[in-house]
Structure formats: structure tokens, C-alpha cells
Number of protein chains: 2
Amino acid sequence: MTIVKKTYKDQVVDHIYQMLLSDGLQPGDQVKESLLSVQMGISRAPIREALKELMMSGLIDYRPQVGNFVPVLTPKQIIDSYTTRGILEGYAVMAVSEAFSADDMDRLDHYVDDMGEAACQQQYKRVVDVGGDFHDFMTAKNNNMQLIEFTSRLSLKLHVLFYKHWGLLYSPQEIEQRHRAIVDSIRAQDKPVIEQVIRAHYVETGTKIAAVQIAQSETAA
Amino acid sequence: MTIVKKTYKDQVVDHIYQMLLSDGLQPGDQVKESLLSVQMGISRAPIREALKELMMSGLIDYRPQVGNFVPVLTPKQIIDSYTTRGILEGYAVMAVSEAFSADDMDRLDHYVDDMGEAACQQQYKRVVDVGGDFHDFMTAKNNNMQLIEFTSRLSLKLHVLFYKHWGLLYSPQEIEQRHRAIVDSIRAQDKPVIEQVIRAHYVETGTKIAAVQIAQSETAA
DNA sequence: CGGGTGTCTAATGTCGACAATCGACGCTGG
DNA sequence: CCAGCGTCGATTGTCGACATTAGACACCCG
């Protein structure tokens, strides 16, 4: 078994993740310590630890003396977060672009093929998964731990908060085209272009998600 | 009174800050919850909250089931952190470079003058303070909250961990010259150069601090 | 003499109860 | 009817005690 042992805190973190990924917790909901402690059969102490951790990941909005809430992000905040991810990932890839071998490039191409295929078949979960692998593989060569820490934290936040929307954003052609552009820029070894392409990719993704968000809130109203 | 300490947790955070800024806590030291709780006359609960917060700021290195330690950073980690700060701040300034008015540029020049003067008089604390104001003013126009969050977190971490070394790095001429180069690049409105100059500034600063760190450890050995 | 094992200790992890605080509601007075 | 104020309930903040675990040290066995 791969899982050896987990502290209660980590179980709580996972539990809340799942609540966020499913519709168990919606933006704006309050996450009450005592309720969770009853539901999970443990005391409030590990709950608080977990909430503190999630708060620092940006997955929980904490207001002192009031409570913990599922964040309600404005369109600007969404775009800002994606923009920032583009800055970090753009640099991470650009800085080590010469480290990509021919095999690496083939692998990246393969990822893009997979994504396009999955998108055509409307297998949105697979698009997301392969897309994650694609980005992980691209950034894995950069070993700047500080950069990795920020990137993965932000990545997790965006993943959890917007997992539900990831099927609606791009047409299969767009998905394939956008990611192919990134691969091509790496192959061309043009560092400024690499950085700019990746930044643009995330800015546009953020803008689209913000638009979806707006559309949904208007439908609800 | 401008600031009212509300919770014990915040007091503990401040207390540990001071311990880190002075020599009360040295890299590698373990920060024991029970000891602090006795010293401050409070229970371990708020101590744990504070340590959790400091851990997420990168000021405390936490090992599960073992304890909390003052981080011992390798030269690479130091350089990586400064590099990352350069990435974030470089983008933050570059993205809004057109927003700087003539008055703003005068103000930036004034900061640089002050820093050079303070450095000549070996008033290192003033150099650090004015330098902080300089960077704050430059980045203040960018209202990307995600970017600001990462930048200020990283800034705080670097400030606390390396406050002691900030007098030894540059000659007065170098200090003035380096910051003037940044101001000039903004004045020239050349975005790629702005980003590159700020990045280079931080990479070099990180490299120097790492070198100082190595020299000190060798002296101690 | 060296490797492995058992115990012991000091630190973190968790618990249930109590205190302090914020926000909501209803009351009062104009 | 509305504005201001006081009370109340629910939730977070803090507490002291107990459980659990990583690491150190001594011991045993080959």
C-alpha cells in the first residue's frame, strides 16, 4: 500500500478538497469547525490545523473571529491568479528551455495529441489530466524550489476552484492549437516568445473562466 | 494608537519575528511550543497557530511529528528565492510601467539619492528602509492581488532571514548605480529591459548574500 | 566489536471544556 | 416608521491534560 499513515489533519484536508471538488461546498459557504468535527468524529484541533493550511493555499477565505468561508472570487481575481501562474510557469519553462531533448519534445507533442483527441471525444476529465501532466512535465526541469512552491500552490488553488468549468472553455481545435504553440516555441528556442506564449495562454484561460463565472451568476440571478 | 493587538496568535508571531531579527533565534534552532508557551504565559494553542502562519510564510521549517525549526537555507535556495522575487517584481513593475508620471519618476530618483547618501554615511538601516520604500512604491501601481500576495510573502521572508547582512553587500556607488539603472529603464519605457534589469538586480543580490553566507559558515568552521 | 533491538524521553498531535467575540435580532424611544 | 441600543446565540479563540510518535541511548546478541 502506498498510503502508510496520515495524521487527522491531512484527512481533514483531503475531506475538504473533495467537498470543494464535488458540490459539497459552494463559494460563499461557511466551513464551521464544530460541524466538521462532529461529521468526522474528531475534535476541532485538527480541523483548525487543516483550515489553516487550506487558507494559506488560498482555498479557504479566513475572517478573524468570524469564520472560514469558501472564497467567492471576482472576475479580476480570477484573471489575476491565472496571470500570475502564467508569469511563474512562463519563466520556469523559458529558463530551462535548452534542456529539452528531442525525446522530450516528442513527449510534449504526444501530450498535445492526447489532449486534442480527448477533447474531440468530449472526455473533459482526461483533457484536464493530460493537460496537468503536460504542464508538470514542462516545468519539471526547473529545480527552483521557491518557484515550484508558488506554482504548485497556485495550480492547486486554480484546479480546485475551477475544476468544474474546464470542459466549457475551448473547442478541441483551440486546445490543440494553443498547446502546440507552446511546444513550437520551445522547439524554436526563442526564450522571449516562450515566455510570452505561456503568459498569453494563461491570461486568456483566466479571462474565459471569468466570463463563464459571470455568465453563470447572471443565469442564477 | 495605530495598532491594537487583538489575538495572542498575532503577539506570538511578532515575538518570533523579533527573535529572528535579533539573534534570539539562529538558523537550525528548534522552536519549541511548550517553551514558548511558558515564556509568554499562554497555552500552546495560539503558539501553534502562529507557527503555522510563520511556516506558510517560509520563516519556519516544519517537520511533522518532529518540530519547528528556523530554516537553514542552502546557497541555491537563497539564490532561488531572490530569483523568484525578481521574476515577480520585474513583471509587476514592467506591466504598469506606463503608469509612472513625471512626479513618480522624480520620487524614484529621490529614493535613489537617499539610498546613496545613506550608504555613504554607512547608515545601513536607513539604506534598507529607503530601499524597501523604493520597491514598495514601484510595485504599488500593480493591483494584481495574487502577485502582491506572493511578492510580499517572499519579501518578508527574505527581509527577516537576511536583514543582518544588508550592510555588507554593495558599495555606495554600486547601490546607487544599480537602482538608478532600474529607474532609467522605467523612464525609457522599454518593457523587456525593465523586466530584465530588475531580475538581474535580484539574482545578483541573492548571489552575493549566498556568498556571504558561505564565507560566514567557513569562518565558523 | 558492530548491527539490531528495546526502552525512555521529550516533543508534537489530539482532546473536551470554557471564555471571548462578532453578527443578528428585537426592543425602545423619537 | 426608522434609527440607535442592548441582549442573545452561534462560532471562533484559548486552555490544560492526555495520547502518540520520532529520535536517542543503552543493551543484547551474533
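Here the structure is a predicted model, which means the values were calculated and not measured. Proteins get letters first, then strands, A, B, ... in listed order; numbering begins at 1 in each.
Taking atom CG on D61(A) and atom P on dT12(D), their separation rounds to 13 Å, with Å as the unit. M55(A) has its CE atom 10 Å from the P atom of dG13(D), to the nearest Å.
Contacts of N143(B) classified as side chain to side chain contact (heavy atoms under 4.5 Å, CB included), with partners at least two apart in sequence or in another chain: K76(A). By the side chain to side chain donor-acceptor pair (under 3.5 Å) test, T205(B) is found to be paired with Y170(B), residues two or more places apart in sequence or in another chain being considered. Partners of R48(B) by side chain to side chain donor-acceptor pair (under 3.5 Å), not counting sequence neighbours, listed by chain and number: E49(A), E33(B). Residues forming a side chain to side chain donor-acceptor pair (under 3.5 Å) with K9(B) (at least two apart in sequence, or on another chain): E53(B).
Here D129(B) pairs with K125(B) in a salt bridge; the nearest charged N to carboxylate O distance falls below 4.0 Å.
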Under 3.5 Å, which N/O atoms of the protein pair with N/O atoms of nucleotides 7-9 of chain D?
none

>> Does the protein touch nucleotides 10-23 of chain C at the base, only the backbone, or not at all? Give it as B, S and - per nucleotide, heavy atoms under 4.0 Å.
In response: -SBBBB-B---SSS
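Screening residues 135-159 of chain A for ring pair (Phe, Tyr, Trp, His ring centres under 6.0 Å) gives H135(A)-H179(A), H135(A)-H201(A), H135(A)-Y202(A), F150(A)-F150(B), H159(A)-Y163(A), H159(A)-W166(A) as the qualifying pairs, with residues at least two apart or on separate chains. Residue pairs meeting the salt bridge (Lys or Arg N to Asp or Glu O under 4.0 Å) criterion with at least one member in residues 85-97 of chain B, sequence neighbours excluded: R85(B)-E89(B).
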Solution key, residues 91-98 of chain B side-chain donor-acceptor pairs under 3.5 Å, sequence neighbours excluded:
{"residue": "S97(B)", "atom": "OG", "partner": "M94(B)", "partner atom": "O", "Å": "3.2"}
{"residue": "S97(B)", "atom": "OG", "partner": "K191(B)", "partner atom": "NZ", "Å": "3.3"}
{"residue": "E98(B)", "atom": "OE1", "partner": "K191(B)", "partner atom": "NZ", "Å": "2.8"}

